[in-house]
Amino acid sequence: GLTTGTTYYVRAYATNSVGTNYGAQRTFTTLVIIPEVTTNAVSNITSTTATCGGNVTATGGASVTARGICWSTSQNPTVNNSHTSDGTGVGGFTSSMTGLLPNTTYYVRAYATNSAGTAYGTQQSFTTQTTVPTVTTNTVSSITSSTATCGGDVTSTGGVSVTARGVCWGTSQNPTVSDTHTTNGTGSG
């Protein structure tokens with residue numbers, strides 16, 4: 001029933017009809033253990049961001065000097081992977097994960113660190129959403145009275161395969177694939 005990371009003093013004693021006598025006082029300090037931390041559910045999932053957090057429920061007998069979440073595309077992420085720093089001490093916290101890839105499964109755990117080491121909460125997993133591809137339009141060149149040349153660059157697939165790409169044109173602003181268009185293969189680039 002001792003408290004972790006606490007100094008105690010102890011003496012043996014003996015009692016008889018004359019009184020109580022004590023032995024020499026000894027001292028010891030109980031060991032510090034790693035903190036206890038839980039991982040919250042992942043929420044607000046988009047194609048590149050998500051929110052998670054945790055709750056440090058016990059210090060382990062020493063000050064919690066760091067806490068946050070860590071994530072990776074591999075299971076059981078640690079603070080050696082991408083991670084946040086969300087203060088110190090006990091209690092709840094919330095973190096944002098940014099720079100994620102679309103349509104990708106990630107694993108996340110809350111962590112808490114004290115002088116005994118780093119503890120991790122239960123692993124959660126989530127998959128980022130897909131999104132429309134990202135494309136840029138090149139400058140129009142080789143313009144004649146009846147022809148022109150143009151192209152583009154698919155810089156992000158949005159997390160799924162690009163099944164068609166090309167250029168579209170019309171005499172009204174913001175032409176779409178409903179207007180005249182080319183088909184120039186698939187994929188990025």
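The first residue of the sequence shown is numbered 1, and numbering continues consecutively from there.
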*With a 4.5 Å limit on heavy-atom distance, are the side chains of His181 and Asp179 in contact?*
no
*Check whether any side-chain N or O of Arg67 sits under 3.5 Å from a backbone N or O of Gly89 as a donor-acceptor pair, and report yes or no.*
yes
*Any idea which heavy atoms bring Pro77 and Gln123 closest together, and the distance?*
CD-OE1, 3.6 Å
*Step by step, would you call Thr122 with Thr39 a side chain to side chain donor-acceptor pair (under 3.5 Å)?*
CA-CA 6 Å; Thr122 303; Thr39 306; 5.8 Å; no
*Just wondering, do Val64 and Pro35 contact through their side chains at under 4.5 Å, heavy atoms?*
yes
*Identify the heavy atoms of Thr65 and Thr88 that sit nearest to each other, and give their distance.*
O-CG2, 3.2 Å
*Where is the tightest heavy-atom contact between Val154 and Ser188, given as atom of each residue plus distance?*
O-CB, 3.5 Å
*So, for Cys70 and Tyr120, which heavy atoms are closest and what is the spacing to 0.1 Å?*
SG-CE2, 3.8 Å
*Are the side chain of Thr176 and the backbone N or O of Ser178 linked by a donor-acceptor pair below 3.5 Å?*
yes
*asked:* I want to check something: taking the side chain as every heavy atom from C-beta on, are Tyr106 and Val108 in contact at a cut-off of under 4.5 Å?
replied: no
*Return the orientation label for the Phe28 and Tyr8 ring planes: parallel under 30°, perpendicular over 60°, tilted otherwise.*
parallel
*Taking the side chain as every heavy atom from C-beta outward, state whether Thr104 and Thr73 have any pair of such atoms under 4.5 Å apart.*
yes
*Is the shortest heavy-atom distance from the side chain of Leu100 to the side chain of Trp71 under 4.5 Å?*
yes
_Any donor-acceptor pair under 3.5 Å from Asn114 side chain to Ile33 backbone_ = yes
*Examine distances only and state if a side-chain atom of Arg26 and a backbone atom of Tyr9 form a donor-acceptor pair shorter than 3.5 Å.*
no
_Closer than 3.5 angstrom, by distance alone: can the side chain of Thr128 be matched with the main-chain N or O of Leu101 as a donor-acceptor pair?_
yes
*Sub-3.5 Å donor-acceptor pair from the side chain of Thr134 to the main-chain atoms of Ser156, do we have one?*
no
*Does any non-hydrogen side-chain atom of Ile69 lie less than 4.5 Å from one of His83?*
no
*Just wondering, do Arg109 and Thr78 contact through their side chains at under 4.5 Å, heavy atoms?*
yes
*asked:* Distance alone, cut at 3.5 Å: any donor-acceptor contact between the side chains of Thr113 and Thr118?
replied: yes
_Polar side-chain atom of Thr59 near backbone of Gly61 as donor-acceptor pair, under 3.5 Å_ = yes
_Within-4.5 Å side-chain heavy-atom neighbours: Val37 and Val56_ = yes
